[in-house]
Amino acid sequence: MNGCGRREFLGRLAALAAVPTGLQVQDSLAGRGDVGTLRDPYSAGQPREVTRIEDYDERIKAIEHRLACNCGCTLDVFTCRTTDFTCTYSPKLHREVVAMDKAGKSAQEILDAFVAEYGEKALMAPKPEGFNLWGYLLPGSLILAAGAGLFAFVSRRRVVVAAAGTEAPGAQPSGTSSTATPEELERLRQALAEVED
């Protein structure tokens, strides 16, 4: 220990407790005070341009819903731009779409320009042509094939069960063999008769 006894420690503690509590310590950071902390709106991502009414034109929105944002969020450009304020890619892509639209390009021409510049990954869904067609057709065809197989299995099973039910009441079902003696079978019939009564 550093030579501080119990009495000295308690004396120091009492001296600290005697400090007036009415003194307020000034915070070193600006923007803090009695009513709370003033948040900086620019701390959440990059500063953005003022939103214009053209930014929400239905034509622009339809195009942006078909384009994928390349920030890694897996959202389309419009959704990313309007929900993720830390993304720096979607506003840039939006400005490109608006510039092409103002230049008089059609929606398909804008999409083709994005595919030419960024590749097919710029689209939310690949074009249904060539190898991509397998991605559209294979899942549906596999589901239909599985349904047809299940239907055939159930139908065949229903026929087998129906055929087994039309045999004589005392006869054994086809495909089974009995190892029970006649006495055991008689006891089983009596036990079943007691249960049914």
Side-chain angles (χ1 to χ4, degrees), residues 44-46 48-49 51-180 185 188 192 195-196:
Q46 302 293 321
R48 299 220 174 185
E49 295 179 11
T51 304
R52 299 176 309 275
I53 195 67
E54 302 91 39
D55 293 342
Y56 294 97
D57 182 28
E58 290 301 319
R59 181 175 147 79
I60 300 293
K61 283 171 47 176
I63 295 169
E64 288 181 352
H65 280 304
R66 294 180 61 190
L67 293 172
C69 182
N70 55 5
C71 73
C73 66
T74 69
L75 298 173
D76 60 76
V77 171
F78 179 78
T79 306
C80 185
R81 174 175 69 84
T82 55
T83 58
D84 184 5
F85 299 115
T86 61
C87 178
T88 58
Y89 295 101
S90 56
K92 175 185 171 283
L93 297 173
H94 169 70
R95 286 190 298 272
E96 288 182 31
V97 170
V98 170
M100 289 182 199
D101 183 57
K102 285 184 179 178
K105 290 189 176 186
S106 68
Q108 189 59 47
E109 289 174 334
I110 293 172
L111 293 173
D112 291 340
F114 269 85
V115 169
E117 185 175 346
Y118 299 106
E120 197 165 334
K121 67 179 184 171
L123 299 176
M124 284 299 289
K127 294 178 182 177
E129 57 189 29
F131 184 73
N132 294 340
L133 203 53
W134 282 100
Y136 285 100
L137 298 178
L138 190 63
S141 60
L142 288 178
I143 290 172
L144 288 175
L150 183 64
F151 178 76
F153 173 76
V154 169
S155 298
R156 192 172 344 148
R157 186 75 184 140
R158 192 177 288 163
V159 168
V160 168
V161 169
T166 59
E167 294 179 353
Q172 271 184 319
S174 61
T176 62
S177 62
S178 174
T179 57
L185 290 173
L188 178 64
L192 287 174
V195 171
E196 289 178 359

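Any value given below was found using the heavy atoms of this structure, including those in side chains, with hydrogens, waters and symmetry copies removed.
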- request: Would you mind telling me which of D76, V77, L67 makes a side chain to side chain contact (heavy atoms under 4.5 Å, CB included) with M124?
  value: D76
- prompt: Rounded to the nearest 0.5 Å, what separation is found between the CG atom of D101 and the CD1 atom of I60?
  reply: 3.5 Å
field: Of H94, E64, R66, the residue whose pairing with F78 passes side chain to side chain contact (heavy atoms under 4.5 Å, CB included)
entry: E64
SB check E58 K61 (cutoff 4.0 Å): yes
By side chain to side chain contact (heavy atoms under 4.5 Å, CB included) - contacts of K92 (at least two apart): R95, E96, Y118
- request: Determine the minimum heavy-atom distance between C69 and L93, stating which atoms define it.
  value: CA-CD1, 4.2 Å
- request: Under the side-chain contact (heavy atoms from CB on, under 4.5 Å) rule, what do C73 and C87 come out as? Steps first, then yes or no, please.
  value: CA-CA 9 Å; C73 66; C87 178; 5.9 Å; no
query: Hey, does V98 have a side-chain heavy atom less than 4.5 Å from the side chain of D57?
result: no
statement: In short, C71 meets Y89 closest at the heavy-atom pair CB-CD1, 3.2 Å
